[in-house]
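First up is the structure itself, then whatever we jot down about it.
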Amino acid sequence: MQESEYKKYVQLVTRHKERFVLWALLIMTLVFLVSYLLPRKYESSSTVFIEKNVISELVKGITVSPSMDDTINVLTYAITSRSLLNKVMESLDMNLGKEGNDELIRDLQKNITVKVKEKNNLFIISFSHSDPRISRDFVNTLVRLYIEQNTSSKRGESYDATKFLAEQIQNFNTKLEKAEGEVNAYKREKGGIISIDEGKLFEEINIAQQKLYDLQLRRRQLEGMRQVTRRANDPLQARLVALQKRLEELRVQYTDSYPEVLTVKGDIETVKEQLKTRKGGEPQPLDPQEVAKIDAEVSALKVAEDGLSRHIQQNREVLQRIPGAKAGLAKLEVERENQKKLYDELYARHGQSEVSKQMEVQDKATTFRIVDPAVLPVKPSSPNRIVIMLAGILGGLIGSLGLLVLRDQFDGSVKELSFVKALGVPVLAVVPRMVDAQQAITLRRRTHRIFAVAAVYFLLLLVFPVMELLQLPYMDRLLDHLTPISQGLWGMLH
Amino acid sequence: MSRIEMAMEKAARLREEGAPREAAEGSGTTEVATAAPPGNATRVATAPPTVPPERVLMPRHPFLVNLLDPHSPAAEEYRKLKSVLVKLTDGDRFKNAVMVTSSVPGEGKSLTALNLAASLAQGLDHTVLLVDADLRRPSLHKYLEIEQGPGLADILSGKAEIPDTIVQTGLGKLSLIRSGSHVENPVELFSSQKMRALVDELKNRYPDRYIIFDTPPLLPFAESRALANIVDGVLFVVMERLASESEVLEAYESVKGPGLLGVVYNAACEAGHDERYAYYKHYEGQGQ
């Protein structure tokens, strides 16, 4: 399939070789003409180096300079920004007598290219225009204005930063002072509680409690002693106690009707009667001195007990209040610490920004240096005629073949025997194409003549790319001469 | 009879080969063209007369390959066509009236007719009468380099008799009826009863004679279609890269039928033929 296709094309070209050559030459000629008629554009470019000062390396970390990376990142946009282009146009008087700034700016933006070589901190700004002079001036003005704008904006930034920091320091100083005042006031107010040690207080309470228990025990002992002292001195009472004891013992062994139990019961009744009857009578008096002594001791103990329990109560209350007071103080102290930290940081930054500002002011930070200012371009950068012409030669060959194929496609005549065979009629003979020798010679001569002329013409055409290759400006000069004439003709036509 | 004829022809050919070329060129062609005076009606009924050597036609058209270059591949193809045609027409009834036509002008009808006729006439078995039925643009006399004279149109319009119009070419057993004088109504003439009668007469006069009609193209004119109904067979010439496929189809539709003998594919330049041609060349080289 592939090979037959190839064969088909070869046959096609062989059959129409004159036509193929002529068409190819026609296409080439047209392309060559176009390459000369395309508007010429001159490109100027300027190289700018972003220089980092030695000082900026030395003071690295101390100063904070505006980020160069950011600057480079937005370089393309910054350079093609409307405001900058407007300034350039104004300074070059490009917009004089022209309406529609927008269109002009868009046109300029299209023709500006910025290439950034980040590794070397180099960037190349190019601009192409039909007038080489404008091209050069535009690039130079653009770069100059951009650098000016950039430097002043960096300076402004540094100034602004320092000013802002100073303001903030003032602000934070006030806040810090206030916080400190609050802490002091609190301490003054709750200083007693805050300074108490909780553990010691708790121990103290425990000791006091213990003491209280001891006192209570002693008091009860004394009170018991007094009772006992009183009873042991009465014989009736003693007898009653003995009888009752006896009755208890008897009841363990005998019922209530046992005679001895009854006897003891009777005795107990009797003793009780006696005790009743004796009521009015003075009991056996105790030793009054001893009783008074005990009484005095008991009352003293009572007083001591009361004192102690009050003390405990008080300490307990204090213990409960300590955590609250301490928390309040901590809160105030944290607040003060925060303010202080911020203030310190701001203060340090302020120092850095002061140095940065001084660096910007004295132009000691990164600077733009124009390594290579734009010069007047001699040769147009576009159109690239050699490429166009070479493409034209190739395109002529391909295009011509294409036209032949197209023509063959549109030719609906019988081209193959298979068509006739497909009709279903027997093919009785296939007569080959006959060529008259005389005519063939004539035809061949004609072909040779055409080929010779075509070859000469092709060589003539080759002169143009060679001229371009050798950078001979004859054609450009000729075109420059012709331009006014053609413009005049154009004007006359309209 | 035929043997005598053959002998005479052989003698004539020998003489022809021996005769100086200038003499033949100088007088022969023009003489023959004006030969056959209208009075000799009786003589035609018999066998075709022997042509005197100085009156043998010497056409020089390079495409008359069967006369000038019999070893060429084209001549071989025409010989092939001849043998196929003989096979096709040789049946119970000798179908000897054959017409050559095509869809559009310029496809090589006349040359095919001439070469086929020459090829047939060079053989031993058949005599051939070639009729130029293309009244609109007659060309056979030009190829054979004789002048126009009384011919088919004159017979049909009653101005001449058949015997008066037959021209002996001296090329084998080939005779010719030219188209004749210019007429305005070829279609009417062709569709007339007279035409049918003429064809019948030509067919039936000699049983071994082929009558080959060279006709106008099918698509622009109607004559060929009329004639196709009268003759025994139709040869349809198709030239490569001339008529469009649709034209060929249309013309084919108009002659399709039992009468259509087949197609002669003309001016082929297919790559597949190269080897065969080389073979022919080999033979040609040996022949010379």
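Here the structure is a predicted model, which means the values were calculated and not measured. Chain letters run A, B, ... following the sequence lines, proteins first, then strands; residues in each count from 1.
Distance check: A:Ile112 CD1 to A:Asp107 CG gives 10.0 Å after rounding to the nearest 0.5 Å.
Only the side chain of B:Leu88 comes within contact range of chain A, with at least one heavy atom under 4.5 Å from a heavy atom of that chain. Heavy atoms of A:Val427 lying under 4.5 Å from chain B belong to its backbone as well as its side chain. In this structure, chain A has no heavy atom under 4.5 Å from any part of B:Val237. With a threshold of 4.5 angstrom between heavy atoms, B:Phe63 approaches chain A through its backbone and through its side chain. Interface remark: B:Val84 contributes side-chain atoms only to the contact with chain A (heavy atom separation under 4.5 Å). Interface remark: A:Asp411 contributes side-chain atoms only to the contact with chain B (heavy atom separation under 4.5 Å). For B:Ala243, the part lying near chain A is the backbone, with the side chain staying farther off; criterion is any non-hydrogen pair under 4.5 Å.
Between the side chains of B:Lys82 and B:Asn66, not a single donor N or O lies within less than 3.5 Å of an accepting N or O.
The main-chain N or O of A:Phe127 is never found under 3.5 Å from a side-chain atom of A:Ser44 such that the two would form a donor-acceptor pair.
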Please test B:Glu77 against B:Lys80 for salt bridge (charged side-chain N to carboxylate O under 4.0 Å, His left out), starting from the C-alpha separation and ending with a verdict. CA-CA 5 Å; B:Glu77 283 296 321; B:Lys80 224 167 81 182; 3.4 Å; yes
Verdict with reasoning, A:Val425 to B:Phe236, per side chain to side chain contact (heavy atoms under 4.5 Å, CB included): CA-CA 10 Å; A:Val425 215; B:Phe236 188 46; over 6 Å; no
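Checked for salt-bridge contact, B:Lys109 and B:Asp134 miss the test: no charged N lies under 4.0 Å from a carboxylate O.
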